There are 2 protein chains.
Amino acid sequence: MAAFHCIQALRFPSRTHVFFPIGDQNRYNIINKKQRGFLVFASADKKSDKELYLKSKVETLLDSVKWDGKGFAVGIAQNIDTGAILMQGFVNRDALATTISSQKATFYSRSRSALWTKGETSKNFINVHDIYLDCDRDSIIYLGKPDGPTCHTWSETCYYTSVPDLLENKQVDGNKLALTTLYSLETIISQRKAELALPQTGKPSWTKRLLLDHDLLCSKIREEADELCRTLEENEDQARTASEMGDVLYHAMVLMAVKGVKIEEVLEVLRKRFFQSGIEEKRSRGQAN
Amino acid sequence: MAAFHCIQALRFPSRTHVFFPIGDQNRYNIINKKQRGFLVFASADKKSDKELYLKSKVETLLDSVKWDGKGFAVGIAQNIDTGAILMQGFVNRDALATTISSQKATFYSRSRSALWTKGETSKNFINVHDIYLDCDRDSIIYLGKPDGPTCHTWSETCYYTSVPDLLENKQVDGNKLALTTLYSLETIISQRKAELALPQTGKPSWTKRLLLDHDLLCSKIREEADELCRTLEENEDQARTASEMGDVLYHAMVLMAVKGVKIEEVLEVLRKRFFQSGIEEKRSRGQAN
């Protein structure tokens, strides 16, 4: 999570950084970044050796990307908190330069033959915190935080069509996203919560019992936290620690479901606490990390 | 996490499923899947209407992908537990058919003009649990579990080249991966642990104090779990729940660092507990979920 403070703070005096106007990679302007983030173009006479140096660094970087015959690399936008792959597009030299400077995920629309900043119509921008190239330098990850649903269908991500479901003739459901383990579990718990509104038959599942009985839920969370600690205190093996941590996580996630809090919100709290502006917050709630 | 049990169990008797031999999409063979996963080709005379039905379903699916002019779609392999983007390649019709049947992430190598199952040389296969298409059907996610490092450089993923680092002339480090929030935090804690071996100057950070003082660490974990519960018991607001859950997670991750346990291992425990063989384990440790 190197983050863009690295670029923004490329050692210019008075917090200036470089802005590449869309569609014009040969013209660079220095802008001042005021404390509240408002951007103002500075006059050309503030150009300095450092600016030229940065310009040359960016050009070198753009030269180092292995653009294909048509000038494209694959660009993948990933949610920095959840890891969800939001969308994939193609990136050309201008698009990458624009993303570096604007910190909004920008692609090249091959259908419209134009630069395209995701969100320029919907306002659901993807705010890019970091950019990674792959080992071949022909594939790019934009690690960012979306302002809202990324897909043009207003689904959270573009990946909601499961191949196994298609093969089983199941309906494609815009809400059934490609989910990794933590978010699949969150979805299951949330489904159990929704099912509580329906008539119940048979013995309720453990998740439902926890959702209904808050005393039971809280006693389990305290118990599992204690058991996790005891794996350290009593020198139990690593598999036991992993298992107890799984218990802590699951039970705490049930509590979050009761409260209507998403894991993504917790991760955002942690990111802001530990990586605010790309700089580790030295005193998290009064404590140095 | 629809998972491949959907395909494997496509209602064939005795747990048969379809295998597409590499490079031969027109020939399909039924194989039996024994309980331990050993695959055996069945004789051709076991072909049935269901097999033909499945063949036609897969063909329809392959037809529905928006292959580009050269017959490719973008393929992205993602770690199902951590969400890390492992690699990106290109997928053609054969590659997708092979991935569906073999459950090993398979691409088309444009440089070698050949089908390429990731791991066929290194043995670091990516075991695919689910496949998703994007809204345009020209981009594919293989959600899978890697057997080992994915990159040919033996880095865990191919994405270890940070653009901000390049612009700051920092050395590219194969260990500095594109990480989302939880794994960035895990890395920070692990760095603090490594730094304990060096001569210490000044007041230790909070993370280091916790790493060194296990009584303090365990008392904090119990205290934070209690505070999380109290957000429910005392009807505190959602922001408080998210914040307290962040505290629980951070302190528990310090304990995991002490024990040398990775978040990925915990997620694997949860995945196996809740989604084993794509079927929710109805009784997790004796309890129905």
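Remember, predicted model here, so these are calculated numbers, not experimental data. In what follows, chains carry the letters A, B, and so on, assigned in the order in which the sequence lines appear, proteins first and then strands, with residues in each chain numbered from 1.
For the 3.5 Å distance criterion, the side chains of B:Ser184 and A:Arg271 fail to qualify, holding no donor opposite an acceptor.
Contact count against chain A (heavy-atom pairs under 4.5 Å) is highest for B:Cys229 among B:Cys229, B:Ala252, B:Gly83. For chain B, the option among A:Cys218, A:Ala225, A:Cys151 with the highest count of heavy-atom pairs below 4.5 Å is A:Cys218. The most heavy-atom pairs under 4.5 Å with chain A, out of B:Leu217, B:Asp136, B:Asp226, come from B:Asp226. The most heavy-atom pairs under 4.5 Å with chain B, out of A:His214, A:Glu268, A:Met87, come from A:His214. For chain B, the option among A:Cys135, A:Gly260, A:Ala84 with the highest count of heavy-atom pairs below 4.5 Å is A:Cys135.
Contacts of A:Arg137 with chain B are made by side-chain atoms alone, with heavy-atom separations under 4.5 Å and no backbone atom involved. Contact of A:Val248 with chain B is made through the side chain alone, with heavy-atom distances under 4.5 Å. In this structure, the portion of B:Ile76 lying under 4.5 Å from any heavy atom of chain A is its side chain and not its backbone. Looking at B:Leu185, the atoms closer than 4.5 Å to chain A (heavy atoms on both sides) sit in the backbone and in the side chain alike. With a 4.5 angstrom heavy-atom cutoff, B:Leu232 touches chain A via backbone and side-chain atoms both. At a 4.5 Å heavy-atom cutoff, the contact between A:Gln238 and chain B is made by backbone and side-chain atoms alike. In this structure, chain A has no heavy atom under 4.5 Å from any part of B:Leu96. Using a 4.5 Å cut-off between heavy atoms, A:Val266 touches chain B through backbone and side chain atoms alike. In this structure, chain A has a heavy atom under 4.5 Å from the side chain of B:Phe90, while its backbone stays farther away. Of the atoms belonging to A:Ile85, heavy atoms from both backbone and side chain fall under 4.5 Å from chain B.
Nearest heavy atoms, A:Gly246 versus B:Leu270: O-CD2, 3.5 Å. Shown here for B:Asp130 and A:Ser162, the closest heavy-atom pair between the two residues is OD1-OG, 3.8 Å. Contact detail for A:Leu177 and B:Tyr132: the closest heavy-atom pair is O-OH, 3.3 Å. Here the closest non-hydrogen pair linking A:Leu179 and B:Leu143 is O-CD1, 3.6 Å. Nearest heavy atoms, B:Arg273 versus A:Ser243: NH2-OG, 3.2 Å.
Among the candidates B:Asn79, B:Asp81, B:Thr82, the single residue satisfying the side chain to side chain donor-acceptor pair (under 3.5 Å) test with A:Thr181 is B:Asp81.
With hydrogens and angles disregarded, a donor-acceptor distance shorter than 3.5 Å links the side chain of A:Lys259 to the backbone of B:Thr231.
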Q | Step-by-step side chain to side chain contact (heavy atoms under 4.5 Å, CB included) determination, B:Leu249 to A:Met245 | A | CA-CA 9 Å; B:Leu249 211 44; A:Met245 182 61 192; 3.9 Å; yes
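To the nearest 0.5 angstrom, A:Asp134 atom CG is 10.0 Å from B:Thr153 atom OG1. Atoms CD1 and CD, on A:Ile140 and B:Gln88 in that order, are 10.0 Å from each other to the nearest 0.5 Å.
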